[in-house]
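Data block below; observations after.
Computed from heavy atoms alone, side chains included, the values below leave out hydrogens, waters and symmetry copies.
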Amino acid sequence: MHRISPDAAALEVAHHMLRTPQPLDEMLKNPSLKIILEAVARRHMQRRARIDVKKLQANDND
């Protein structure tokens with residue numbers, strides 16, 4: 001099964017969430033850190049997909 005590769009914005013958010021002093025590019029070069037970073041980014045993408053901005057703007061609370 002093919003996993004969705006996270007976009008650049010999700011990787012940036014994941015890097016910020018991990019609070020590591022290592023730059024994002026160096027983390028992506030290290031295979032073990034890349035797996036961790038992509039897992040956190042995928043989790044962020046799932047959370048981001050659940051939010052319906054139009055519904056929030058319309059104040060349509062169901």
Side-chain angles (χ1 to χ4, degrees):
M1 183 171 182
H2 180 68
R3 291 189 177 201
I4 298 171
S5 61
D7 57 351
L11 288 172
E12 287 286 336
V13 171
H15 182 256
H16 181 71
M17 288 172 64
L18 291 173
R19 297 181 185 189
T20 178
Q22 193 171 15
L24 178 62
D25 295 333
E26 288 184 19
M27 287 186 74
L28 290 172
K29 290 177 185 174
N30 187 336
S32 59
L33 293 177
K34 182 178 179 180
I35 292 170
I36 294 168
L37 187 65
E38 287 181 347
V40 173
R42 277 190 213 99
R43 190 173 61 204
H44 169 72
M45 288 176 65
Q46 288 174 345
R47 282 191 214 127
R48 185 176 64 185
R50 284 189 234 152
I51 298 172
D52 187 4
V53 178
K54 296 283 187 178
K55 196 172 186 179
L56 291 174
Q57 288 174 346
N59 200 20
D60 187 15
N61 300 324
D62 288 345

Worked check of side chain to side chain contact (heavy atoms under 4.5 Å, CB included) between Glu12 and His16: CA-CA 6 Å; Glu12 287 286 336; His16 181 71; over 6 Å; no
Transitive ILVMFWY side-chain link Val13 to Met45, under 4.5 Å: no
Shortest non-hydrogen contact between His15 and Leu24, atoms and distance: NE2-N, 3.5 Å
Cluster overlap Leu33 with Leu11, hydrophobic side-chain contacts below 4.5 Å: yes
Single-linkage hydrophobic cluster, 4.5 Å side-chain cutoff, Leu28 and Val40 together: yes
Smallest separation among heavy atoms of Ala10 and Ala41, with atom names: O-CB, 3.6 Å
